[in-house]
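Report on the structure given below.
Side chains are part of it too, since the values below use all heavy atoms of this structure and drop only hydrogens, waters and symmetry mates.
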Amino acid sequence: MHTTNSIKRYKIFSEEDAREIVTDEYSSIEIYAKNMTLGFTEIEGNLLVRGEGCRFPDLVNIKGNLSVDAANCSLPSLKSVGGSLAMHSSAVLDRLETVKGNFKCIVNFGFKNLIKIGGGIELKNAEVYSANKKLVGTKKVLTVNHQYQADFLPKDGVFNIDVFADDITFPHQEIHGKINIYGKNVSFPNLEFIHGRFKIECRDKAGAHFKHDFPVLKKMIGNLKIDNVKVSFPELQEIVGNIEINKGSYTEFPLLEKSGSVFIRQNSEAKFPVLRIVNGDLHNYGLETCSMTKLEMVKRSFFTNRILAENILEVGNLVMSKYCEFNKLKRINSSVVCNERFNFKSLEYIGCLTNESQKESKLPSIKKIGHYLYDEKNGFEDFAEQIYFKVKENLYITKDYFYISQILPNIISSHSLHPLHKLVSILKLRHKSFQNFITRDYEREWTNYTSPNFLKILNIIEEIWNTVTPITYEEFFTHYDRNFRLLCFSYFGVGALMEKLEAKKINQENILVNYFEYDKNGNKISLRRTNHYEVYKVENEKFKLFFWGTEKYSYAVKCWCPSTSEEHWLWIEPQYKDNALTAIASTFRIHENIIPHITCLKRQGDLIICELEKEVIPKGNVRPLTSEEYFDLLEAES
């Protein structure tokens, strides 16, 4: 299913988030931080204030919608809202004069000025005054079934209308409101400007065998939707809003240079011979390939299917269902969405190069990469602002952050990155010193890179090691990110986790084991000890990781070191839970063809040394030892 909601959303939780906002693009800004002061003077899109005590001392104009959803918000300089205004809480709006869309309010409120409202007024159990004049709820959607109804519409063009009649002519030069046209042959001979949503739909099953007339329309602010209609806009040069062309429509825009998102649906066609800038997404699912020879920029996602744009210079995301060449493309602000490498000879900037299947891409003109997944073969390291090193199957690190996931996504949100010092606090759950981390984790389990940038990250980890305290169980157990909790669980220690989650013992076994030690003269001495093993289970739901269709429980085997008597825990699979001896044996796995040639096993924690009677090349299946095989071969433990 394709979405028509292409407005970019900014969610502001901190000062850092606020710095990422681009106010001159049509976007939706959602403020969740409390008591924040923001220095906007004008917002091209929507503003939703959901944090208490937010202040906008210099904001004069909002071209989209405004929604006040939190208490004690202040917009003392605001004069105009180009869309709708929704008030779910009181606010300072001392200079507000115009709301061009609808007004909805659920709290008692008084405007100092006489407010001009272009749309409907909806008041829910609220008394609202405008310059001491009480507002009354109105829907204000007018129906036009005859020419005289069009003639008597307000001359200033502020109205919402549904046009059902045929052969209607509107005299207005400007219209501010929502327009739905369902009739045939509707004409706007003088209309130059529309501010509001505009929909043209043919409800005739025989199809659109008629003509609507917009001979001098030059600019629209609002979305344009066309259903089952053939129509042309010969003078239209700019749309600040989205274009949606549906249900077998054919539309021409011979002079249109700028628009919001463009969606051409199935069985539809459109012509954009001079379109240069798309301030949104560009999709063509229509019948014919759309040639856009003048197109230079698509601000968000450019879906290349059935679109020819050989002169494109800049895109947000480049989405390719099949590989395309772009010989003039200079800038990709986000990423390329395709599962193959690419060769863009003119490309100078790309925001994200993090797809592993794109590692060997050729970019001879590249000057800068925002987020880059390291690959020693392509030599892009010196161009990257943030380099990601994959150190484990689901762990990536940079000089500032770490990211937990099976893959590094094409778009990396700041909310999904965790600071590097937090990774150190997790590592310290298992490792008492930096050197212990190096020998028991880094050298055994991490991918090691020779890159100087990677070595700098290791140096940073070492520098901050002694300044960071281990993360607490309470902090990570309640963390919102499931992957974060999983990583912490892996370092927390099985025994500590089992104790916290009140695991239940379900099986225990003893066995007499023959060990060998050496005296001070190097003589081999045979010893016999009784080893004790226990199996425990814990409900997966307690991890907050439970999913339907998976195992209800997790299992671990508990054992004791013969030399220190310290307890140790190891995770086991469910099929080994019923016998503690089988469970501990299952923690050692090896190729089947090697097993007959093993002479002994020597175990130190989770490290097992396997001695062979001769050199054997591993082949065949890998399997755990049976309890009989394991304990017959076990010779030493510590």
Side-chain angles (χ1 to χ4, degrees), residues 63-66 80-87 96-105 111 114-124 126 128 130 133-204 208 210-229 231 233 236 239-244 246:
K63 292 189 176 181
N65 302 323
L66 169 63
S80 174
V81 176
S84 297
L85 169 60
M87 295 188 66
L96 187 64
E97 298 173 351
T98 304
V99 176
K100 293 185 178 180
N102 299 320
F103 173 60
K104 177 182 177 182
C105 188
F111 293 103
L114 186 64
I115 304 297
K116 184 178 180 180
I117 299 173
I121 300 173
E122 183 180 353
L123 307 175
K124 291 189 175 181
V128 180
S130 173
K133 180 181 178 180
K134 189 174 182 178
L135 293 182
V136 179
T138 59
K139 191 173 183 182
K140 284 191 178 179
V141 178
L142 306 176
T143 299
V144 177
N145 288 313
H146 304 281
Q147 181 62 49
Y148 75 86
Q149 292 173 319
D151 295 338
F152 281 99
L153 289 170
K155 301 302 181 184
D156 62 4
V158 180
F159 48 73
N160 300 322
I161 56 172
D162 290 341
V163 183
F164 293 99
D166 301 335
D167 303 308
I168 300 294
T169 299
F170 290 84
H172 303 82
Q173 287 186 314
E174 294 188 5
I175 294 178
H176 297 263
K178 297 179 182 178
I179 306 173
N180 296 314
I181 299 177
Y182 305 109
K184 302 176 182 179
N185 303 319
V186 179
S187 179
F188 298 83
N190 304 312
L191 187 63
E192 296 183 3
F193 175 72
I194 296 174
H195 192 296
R197 190 189 69 194
F198 196 8
K199 178 181 177 181
I200 309 174
E201 180 180 342
C202 172
R203 295 184 173 182
D204 190 337
F210 52 86
K211 181 181 181 182
H212 296 300
D213 192 25
F214 305 91
V216 296
L217 180 62
K218 292 181 173 60
K219 184 174 180 179
M220 289 182 60
I221 296 177
N223 296 333
L224 172 63
K225 185 175 182 180
I226 299 170
D227 285 351
N228 196 24
V229 172
V231 65
F233 298 89
L236 187 61
I239 295 181
V240 182
N242 303 330
I243 302 172
E244 186 178 347
N246 300 312

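Side-chain contact check for Phe170 versus Leu153: some heavy-atom pair is nearer than 4.5 Å. Looking at Asp162 and Val144, their side chains never come closer than 4.5 Å, going by heavy atoms from C-beta outward. With contacts defined as side-chain heavy-atom distances shorter than 4.5 Å, the pair Val229/His212 qualifies. No side-chain heavy atom of Ile121 sits under 4.5 Å from any side-chain heavy atom of Val136. Side-chain contact between Asn180 and Val163 is absent, with no heavy-atom pair separated by less than 4.5 Å.
Contact between Ala165 and Asn145 at its shortest, heavy atoms only, is CB-O, 3.2 Å. The two residues Val186 and Ile181 come nearest to each other via the heavy atoms CG2-CG2, 3.7 Å.
Under the 3.5 Å distance criterion, with hydrogens and angles disregarded, a donor-acceptor pair is assigned to the side chains of Glu244 and Asn246. With 3.5 Å as the limit, one finds no donor-acceptor pair spanning the side chains of Asp166 and Asn185. There is no side-chain donor-acceptor pair under 3.5 Å between His172 and Glu174.
Between the Glu122 side chain and the Phe103 main chain, no donor and acceptor come within less than 3.5 Å of each other. No donor-acceptor pair under 3.5 Å is formed between the side chain of Asn242 and the backbone N or O of Asn223. Side chain of Asn190 to main chain of Gln173: no donor-acceptor pair is present (N/O by atom type, distance under 3.5 Å, no hydrogens or angles). Under a 3.5 Å cut-off, the side chain of Ser84 and the backbone N or O of Asn102 do form a donor-acceptor pair.
In this structure, OG1 on Thr169 lies 8.5 Å from CG on Asp151, to the nearest 0.5 angstrom. Ile161 CD1 to Ile168 CD1: the interatomic distance, rounded to the nearest 0.5 Å, is 10.0 Å. Residue Glu97 holds its CD atom at 10.5 Å from OG of Ser130, rounded to the nearest 0.5 Å.
Taking the six-membered ring where the residue is Trp, the centroids of Phe193 and His176 are separated by under 6.0 Å. Between Phe198 and Phe214, the ring center distance clears the sub-6.0 Å criterion.
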Chi angles and distances behind the side chain to side chain contact (heavy atoms under 4.5 Å, CB included) call for Lys219, Ile239 | CA-CA 6 Å; Lys219 184 174 180 179; Ile239 295 181; over 6 Å; no
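The number of heavy-atom neighbours closer than 6.0 Å to NZ of Lys199, taken from other residues, nucleotides and ligands shown, is above 12.
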